[in-house]
Number of protein chains: 2
Amino acid sequence: MSDLLERLRMRGWRLTAQRRVVAEVLDGDHVHLTADEVHARAVSRLPEISRATVYNTLGELVTLGEVLEVATDGRAKRYDPNAHRAHQHLICSGCGAIRDVHPLGDPVAALPADQRFGFTLSGAEVTYRGLCPDCR
Amino acid sequence: MSDLLERLRMRGWRLTAQRRVVAEVLDGDHVHLTADEVHARAVSRLPEISRATVYNTLGELVTLGEVLEVATDGRAKRYDPNAHRAHQHLICSGCGAIRDVHPLGDPVAALPADQRFGFTLSGAEVTYRGLCPDCR
DNA sequence: CTTAGTGCAAAGTGTTTGCATAGGA
DNA sequence: TCCTATGCAAACACTTTGCACTAAG
């Protein structure tokens, strides 16, 4: 684990206690925390970390392309550390749980030329909706 | 046009000047306005309409299933009046323009059984990203 | 030593709500 | 008439920013 910290170090990211804690909290599979949840977990390891720093750090990680912002259309954005591995999301309409999933084929291929309106496509995000076993 | 108003009337929706104006503003293809844009356009037809009423009305239309909420992951949510006709979105990474598109096949079919984690799928939203002719 | 990161608190957005009043059915 | 929708303003949730201070490299 901690590919994330590894990669950041290699990119010459200035490492501070706060940043390390944020990266550690985010690390893992099927992790999709809100900024506030990241802050809460960070505080338990480093009590003096401020919300602003968490927001700033998350924003930076997104800009660096190391973390993905997921707008789940509920209230707050969620942050996904698996920016490097292509995947899509499956969200439970009941409890809001999120799983990373890997559909067959490239979603982009499903959009025919006459539906591209002259756009140059760079990718596609797919959000599957359904009910998880617990909510059903 | 104005299928929307038509349908609402038939569902026994209490019709007021404010609600009619909101429905009229939303009507059409490739319409994806933010709540604030809806309010701005509504004001030009009915100066005394309030922001709260626009929000309440939009929320209601979403609950009724007549309008779709689209979280484009920029700041504000957008509202799409074509809830009745299945479609996906193509968004320009440059200017944020949104087009309704119709991909081939059912996106849900692309998710294999072993990637469904016991969920009962109800649908999928696809957001294609790219650059429009103007931004390229 | 220099520059960039941090904490704090305040300001910004976008959205929701409580309550008295107006107006549709 | 009755009951719901409206307007207003205040409350809210989430996020960003300005500034002085601290610490990494």
Side-chain angles (χ1 to χ4, degrees), chain A residues 4-5 8-26 32-64 66-80 96, chain B residues 4-5 8-26 32-64 66-80 96:
Chain A
L4 182 52
L5 263 172
L8 290 170
R9 219 182 321 261
M10 292 202 309
R11 294 178 67 163
W13 203 47
R14 188 156 174 176
L15 201 49
T16 64
Q18 292 81 346
R19 288 175 165 201
R20 178 173 27 255
V21 167
V22 169
E24 282 171 4
V25 163
L26 277 176
H32 307 90
L33 301 168
T34 62
D36 234 43
E37 287 165 349
V38 171
H39 177 246
R41 301 191 182 198
V43 162
S44 72
R45 295 165 175 239
L46 186 71
E48 66 273 28
I49 192 172
S50 77
R51 227 175 291 269
T53 296
V54 170
Y55 274 106
N56 290 340
T57 304
L58 288 173
E60 232 172 310
L61 290 173
V62 170
T63 300
L64 288 172
E66 293 292 349
V67 163
L68 240 43
E69 232 176 42
V70 184
T72 61
D73 109 343
R75 220 56 78 44
K77 292 178 208 153
R78 295 184 169 275
Y79 294 86
D80 182 335
Chain B
L4 182 52
L5 264 171
L8 291 170
R9 217 185 319 261
M10 293 202 309
R11 294 179 68 163
W13 203 48
R14 186 157 173 177
L15 200 51
T16 64
Q18 291 82 344
R19 289 174 164 204
R20 177 173 30 255
V21 167
V22 169
E24 284 172 3
V25 162
L26 278 177
H32 309 89
L33 301 169
T34 63
D36 234 43
E37 288 166 349
V38 171
H39 178 246
R41 299 190 184 198
V43 163
S44 73
R45 295 166 174 238
L46 184 71
E48 66 274 28
I49 192 172
S50 78
R51 227 174 292 267
T53 296
V54 170
Y55 274 104
N56 290 340
T57 304
L58 288 172
E60 234 171 308
L61 290 172
V62 170
T63 300
L64 288 172
E66 292 293 349
V67 162
L68 239 45
E69 233 176 43
V70 184
T72 60
D73 100 354
R75 218 57 74 47
K77 292 178 208 152
R78 296 184 170 274
Y79 294 87
D80 182 334

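Chain A is the first sequence line, chain B the second, and so forth, proteins listed ahead of strands; every chain is numbered from 1.
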Peer 1: Step by step, would you call B:Val54 with B:Ile49 a side chain to side chain contact (heavy atoms under 4.5 Å, CB included)?
Peer 2: CA-CA 8 Å; B:Val54 170; B:Ile49 192 172; 4.0 Å; yes
Peer 1: Please name the pair of heavy atoms, one in B:Ala76 and one in B:Thr34, separated by the smallest distance, quoted to 0.1 Å.
Peer 2: CB-CG2, 4.0 Å
Peer 1: Quick one, A:Leu46 and A:Glu48 - any side-chain contact, counting heavy atoms below 4.5 Å?
Peer 2: yes
Peer 1: Can you see which heavy atom on B:Ala23 is nearest to which on B:Leu8, and at what distance?
Peer 2: CB-CD1, 4.3 Å
Peer 1: Tell me, please, which residues at least two apart from B:Asp80 pass side chain to side chain donor-acceptor pair (under 3.5 Å).
Peer 2: B:His32, B:His87, B:His89
Peer 1: Hey, what bend do you get for the helix from C:dC1-D:dG25 to C:dA25-D:dT1 if you fit axes on five pairs at each end, rounded to 10°?
Peer 2: 40°
Peer 1: Enumerate all atom pairs, one protein N or O and one N or O from nucleotides 13-20 of chain C, separated by less than 3.5 Å.
Peer 2:
from: C:dT15; atom 1: OP1; to: B:Lys77; atom 2: N; distance (Å): 3.3
from: C:dT15; atom 1: OP2; to: B:Tyr55; atom 2: OH; distance (Å): 2.9

Peer 1: Between protein and nucleic acid, restricted to nucleotides 21-25 of chain C and to nitrogen or oxygen atoms under 3.5 Å apart, what atom pairs and distances do you find?
Peer 2:
from: C:dG23; atom 1: N2; to: B:Arg14; atom 2: NH2; distance (Å): 2.7
from: C:dG24; atom 1: O3'; to: B:Leu15; atom 2: O; distance (Å): 3.3
from: C:dG24; atom 1: N3; to: B:Arg14; atom 2: NH2; distance (Å): 3.2
from: C:dA25; atom 1: OP1; to: B:Leu15; atom 2: N; distance (Å): 3.3

Peer 1: Let me see the working for B:Trp13 and B:Leu61 under side chain to side chain contact (heavy atoms under 4.5 Å, CB included), right down to the final yes or no.
Peer 2: CA-CA 10 Å; B:Trp13 203 48; B:Leu61 290 172; 4.0 Å; yes
Peer 1: Tell me the salt bridge (Lys or Arg N to Asp or Glu O under 4.0 Å) pairs involving residues 33-47 of chain B, sequence neighbours left out?
Peer 2: B:Glu24-B:Arg45, B:Asp36-B:Arg51, B:Glu37-B:Arg78
Peer 1: The criterion is side chain to side chain donor-acceptor pair (under 3.5 Å); which residues satisfy it with A:Arg20, sequence neighbours excluded?
Peer 2: none
Peer 1: If you walk 5' to 3' along DNA chain D, what is the first nucleotide with an atom under 4.0 Å of a heavy atom in chain B, and what is the last?
Peer 2: D:dC3 to D:dA9
Peer 1: Please name the pair of heavy atoms, one in A:Tyr55 and one in A:Ala35, separated by the smallest distance, quoted to 0.1 Å.
Peer 2: CE2-CB, 3.5 Å
Peer 1: Just jot down the side chain to side chain contact (heavy atoms under 4.5 Å, CB included) partners of B:Arg11, sequence neighbours excluded, or say none.
Peer 2: B:Leu64, B:Glu66
Peer 1: Considering only heavy atoms from C-beta outward, does the side chain of B:Val38 approach that of B:Leu26 to under 4.5 Å?
Peer 2: yes
Peer 1: Could you walk me through whether B:Thr53 and B:Thr16 pass the side chain to side chain contact (heavy atoms under 4.5 Å, CB included) test, one step at a time?
Peer 2: CA-CA 11 Å; B:Thr53 296; B:Thr16 64; over 6 Å; no
